[in-house]
K.L.:
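Quick one: the structure is below, and I'll ask about it shortly.
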Amino acid sequence: METPPTNAVGEKNTSQPQQPRGHNPKKTLDSAAQIRQQPQEPLTEVLELKMSPDPASPSLESPQGTEKLPAGLASDSDKSHGSDNETPEPLHASDLWYCPDGSFVKKIIARGHGLDKPKLGSRCRVLAFGFPFGSGLPEGWGELTIGLGPWREETWGELTEKCLESMCQGEEVELRAPGYSGPPVRLTLASFTKGQDSWELEDSQKEALAMQERARGTELFRSGNPEGAARCYGRALRLLLTLPPPGSPERIALHANLAACQLLLGQPDLAAQSCDRVLEREPGHLKALYRRGVAQAALGNLEKAIADLKKVLAVDPKNRAAQEELGKVIFQGKKQDAGLAQGLRKMFV
């Protein structure tokens, strides 16, 4: 499970990167005397979703988390990566960098130095301003650990982590998200400790981190935050996908839980795909069959939905959720047939 939230570190700015010559002082970061120094506890936004109980909902286990990084991630935590007295190379302010997945664009204000970037387990000392209200992220000086902590669970936390992973030491950027009309978030990566790429981890380390993500996803799902839970399950699956065949059996439960989140988020196409991955390995998985039936009904594939729901009832005839869903699908099919018949009659009038 993830480590407890990392409090923002309120201290004077002693390592703020030097601004390029000719930089507009109105756009520069506030001086050290203006930096907020009151620590803030990261907040967790909870999506208030009204949803009916799902008798076929996953048995979301809650393994106990650990307060320590797996062996190998914390060994270099006290060694700052790079030199703090190097001056960042000036860069034209119009330079842009687009995240490959299209989730954000960063405008480089000042280039950092060196080639290394934060990795899994890196503790990043960050100066940040401009997060939207309720993002749960600290402003001013703070420490954020790549791959760990609840700060990554909401949208802006996820974008900030991706942005930090693309930055060199001393780099200063403006972070912009598609569809967000507010002012850009300003980030400066002052320093970071050495981390590891996921492929460098031992199999046991990957499994330990994945179980932490799953446990946190379970907490978020039960608290009514399927979006945050889906991010946790997705990160856990990415870690386990790199294991050698036959892979971890935990992938079945993770895909099933992810499908439950995707249904609540209105993503039936993704939910059906997640259920397919479960049923490829365990064809009789009732929760995956039920959820795929619900997803197929939402997509208008009524025959496929009926087939999945009947398979559930063949094994568990008293499954009320499957009975109710099957009744809805059959009624929907009759309405479609009636509409089609009426349309055909009009054609021959």
K.L.:
Please tell me if the side chains of W151 and L137 come closer than 4.5 Å, counting only heavy atoms from C-beta onward.
P.N.:
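Touching, per the 4.5 Å side-chain cut-off.
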K.L.:
If we ignore hydrogens and angles and just use 3.5 Å, is the side chain of E139 paired with the main-chain N or O of G130 as donor and acceptor?
P.N.:
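Looks like yes, one N/O pair under 3.5 Å.
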K.L.:
Would you call E165 and K117 a salt bridge, taking side-chain N to carboxylate O under 4.0 Å as the test?
P.N.:
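Salt bridge flag = no for K117 with E165.
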K.L.:
Is K287 close to V278 at the side-chain level, that is, under 4.5 Å between some pair of heavy atoms?
P.N.:
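V278 vs K287: side chains apart.
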K.L.:
Please answer: with hydrophobic residues joined when any side-chain heavy atoms are less than 4.5 Å apart, are L313 and I330 in the same cluster?
P.N.:
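Yes.
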K.L.:
CZ/R176 to OH/Y98 distance, rounded to the nearest 0.5 angstrom?
P.N.:
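One gets 10.5 Å once the value is rounded to the nearest 0.5 Å.
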K.L.:
With rounding to the nearest 0.5 Å, note down the distance linking CD1 in I306 to CG in N301.
P.N.:
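Reported to 0.5 Å precision, the distance equals 11.0 Å.
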K.L.:
Kindly say whether R214 contributes a backbone atom to a donor-acceptor pair with the side chain of T218 at under 3.5 angstrom?
P.N.:
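It does hold such a pair.
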K.L.:
So which atom in A229 and which in F221 form the shortest heavy-atom distance, rounded to 0.1 Å?
P.N.:
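Closest heavy-atom pair between A229 and F221: CB-N, 3.7 Å.
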K.L.:
I'd like to know whether E171 forms a salt bridge (charged side-chain N to carboxylate O under 4.0 Å, His left out) with R111, so could you lay out the CA-CA distance, the side-chain angles of the two residues, the decisive distance to 0.1 Å, and finally the verdict.
P.N.:
CA-CA 5 Å; E171 187 172 328; R111 187 189 295 277; over 6 Å; no
K.L.:
Verify, without hydrogens or angle tests, whether K106 (side chain) and S166 (backbone) share a donor-acceptor contact under 3.5 angstrom.
P.N.:
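Judged by distance alone, yes, a pair lies under 3.5 Å.
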K.L.:
Is any side-chain N of the basic residue among R292 and D276 closer than 4.0 Å to the acidic one's carboxylate O?
P.N.:
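Counted as a salt bridge, because a side-chain N and a carboxylate O are separated by less than 4.0 Å.
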K.L.:
Under 3.5 Å, is there a donor-acceptor pair between the side chain of E161 and the main chain of G147?
P.N.:
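A pair under 3.5 Å: yes.
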K.L.:
Is any side-chain heavy atom of R152 less than 4.5 Å from a side-chain heavy atom of I146?
P.N.:
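Heavy-atom side-chain distance check fails, nothing below 4.5 Å.
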K.L.:
Step by step, would you call Y290 with L309 a side-chain contact (heavy atoms from CB on, under 4.5 Å)?
P.N.:
CA-CA 6 Å; Y290 169 76; L309 294 170; 3.8 Å; yes
K.L.:
Tell me, yes or no, whether the heavy-atom count around E202 atom CD, taken from other residues, nucleotides or ligands under 6.0 Å, exceeds 12.
P.N.:
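No, not enclosed.
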K.L.:
Pair L209, L201 - check side-chain contact (heavy atoms from CB on, under 4.5 Å), show working.
P.N.:
CA-CA 10 Å; L209 285 172; L201 301 177; 3.8 Å; yes
K.L.:
Does NZ belonging to K304 count more than 12 external heavy atoms closer than 6.0 Å?
P.N.:
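Not buried by this count: 12 neighbours or fewer within 6.0 Å.
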K.L.:
Please verify the inter-ring angle class for F104 with W97; under 30° counts as parallel, over 60° as perpendicular, anything in between as tilted.
P.N.:
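Judged by the thresholds at 30° and 60°, the geometry between F104 and W97 is tilted.
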K.L.:
Where do R125 and E143 land on the salt bridge (charged side-chain N to carboxylate O under 4.0 Å, His left out) test, with the steps shown first?
P.N.:
CA-CA 5 Å; R125 181 163 167 72; E143 283 192 0; 5.4 Å; no
K.L.:
W141 and F129: same hydrophobic cluster, using ILVMFWY side-chain contacts below 4.5 Å?
P.N.:
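Yes; F129 is reachable from W141 via cluster members.
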K.L.:
One thing to verify: whether K162 and D101 come together as a salt bridge, which I'm taking to mean a side-chain N less than 4.0 angstrom from a carboxylate O.
P.N.:
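Yes, D101 and K162 are salt-bridged.
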K.L.:
Does Q196 form a side-chain contact (heavy atoms from CB on, under 4.5 Å) with K119? I'd like the steps, not just the answer.
P.N.:
CA-CA 5 Å; Q196 291 179 288; K119 299 178 182 179; 5.6 Å; no
K.L.:
If only atom types and distance count, is the side chain of S248 paired as donor or acceptor with the main-chain N or O of E250 below 3.5 Å?
P.N.:
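Here the side-chain-to-backbone pair exists.
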K.L.:
Please step through side-chain hydrogen bond (donor to acceptor under 3.5 Å, both in side chains) for the pair E219 and N225, ending with a clear verdict.
P.N.:
CA-CA 9 Å; E219 293 176 9; N225 187 352; over 6 Å; no
K.L.:
How far apart are the closest heavy atoms of P150 and R216, and which atoms are they?
P.N.:
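Distance-wise, the nearest heavy atoms are CB-NH2, 4.2 Å.
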K.L.:
Give me the atom names and distance for the closest heavy-atom approach of P244 to D203.
P.N.:
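Looking at all heavy atoms of both residues, the closest pair is CD-OD2, 3.6 Å.
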K.L.:
For residues T160 and L187, report the shortest heavy-atom separation together with the two atoms involved.
P.N.:
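Closest pair (atom of T160, atom of L187, distance): CG2-CD1, 4.2 Å.
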K.L.:
Side chains of L220 and C232, heavy atoms from C-beta outward: is any pair under 4.5 Å?
P.N.:
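Counting from C-beta outward, L220 and C232 do come under 4.5 Å.
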K.L.:
Nearest 0.5 Å, what's the CD-SG distance between Q296 and C275?
P.N.:
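Reported value, rounded in 0.5 Å steps: 9.0 Å.
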K.L.:
CZ/R251 to CG/L239 distance, rounded to the nearest 0.5 angstrom?
P.N.:
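One finds 12.0 Å between CZ of R251 and CG of L239.
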K.L.:
Would you check if the side chain of E207 reaches a backbone N or O of S204 as a donor-acceptor pair within less than 3.5 Å?
P.N.:
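Absent.
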K.L.:
Which atom pair, heavy atoms only, marks the closest approach of Q262 to S274?
P.N.:
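That closest heavy-atom pairing would be OE1-OG, 2.8 Å.
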K.L.:
Is D116 close to Q169 at the side-chain level, that is, under 4.5 Å between some pair of heavy atoms?
P.N.:
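A side-chain contact is absent here, since even the closest heavy-atom pair is not under 4.5 Å.
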K.L.:
Looking at R123, is its backbone amide N or carbonyl O close enough to the side chain of T193 to form a donor-acceptor pair, meaning the two atoms are under 3.5 Å apart?
P.N.:
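At least one qualifying donor-acceptor pair exists.
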K.L.:
With salt bridge (charged side-chain N to carboxylate O under 4.0 Å, His left out) as the test, pick out the partner of E213 among R238, K206, R235.
P.N.:
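With E213 as partner, salt bridge (charged side-chain N to carboxylate O under 4.0 Å, His left out) holds for just one option, R235.
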K.L.:
Check A295 against A271 and note the closest heavy-atom contact, atom names and distance.
P.N.:
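Reported closest heavy-atom pair: CB-CB, 4.2 Å.
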K.L.:
Just so I know, are the side chains of L263 and R291 near enough to count as touching, which here means a heavy-atom distance under 4.5 Å?
P.N.:
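The answer is yes; the side chains approach within 4.5 Å.
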K.L.:
Side-chain heavy atoms nearer than 4.5 Å, only ILVMFWY residues, links allowed to pass through others: does that put L279 and I252 together?
P.N.:
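No, it is not one cluster - the side chains of L279 and I252 are not joined through contacts under 4.5 Å.
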K.L.:
Once rounded to the nearest 0.5 Å, what's the spacing between atom CG of L289 and atom NZ of K310?
P.N.:
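Spacing of CG (L289) from NZ (K310) equals 14.5 Å.
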K.L.:
I'd like to know whether V185 forms a side-chain contact (heavy atoms from CB on, under 4.5 Å) with W156, so could you lay out the CA-CA distance, the side-chain angles of the two residues, the decisive distance to 0.1 Å, and finally the verdict.
P.N.:
CA-CA 10 Å; V185 173; W156 280 101; 3.6 Å; yes
K.L.:
Between L189 and C124, is there a side-chain heavy-atom distance shorter than 4.5 Å?
P.N.:
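C124 reaches L189 side chain to side chain.
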K.L.:
Does Q323 use its side chain to pair, donor to acceptor, with the backbone of P317 at less than 3.5 Å?
P.N.:
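Confirmed, Q323 side chain pairs with P317 backbone.
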K.L.:
What's the spacing between L148 CG and S122 OG if we round to 0.5 Å?
P.N.:
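The CG atom of L148 sits 10.5 Å away from the OG atom of S122.
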K.L.:
Using side-chain heavy atoms (C-beta onward) and a distance below 4.5 Å, is L240 in contact with L254?
P.N.:
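Yes. Closest side-chain heavy atoms under 4.5 Å.
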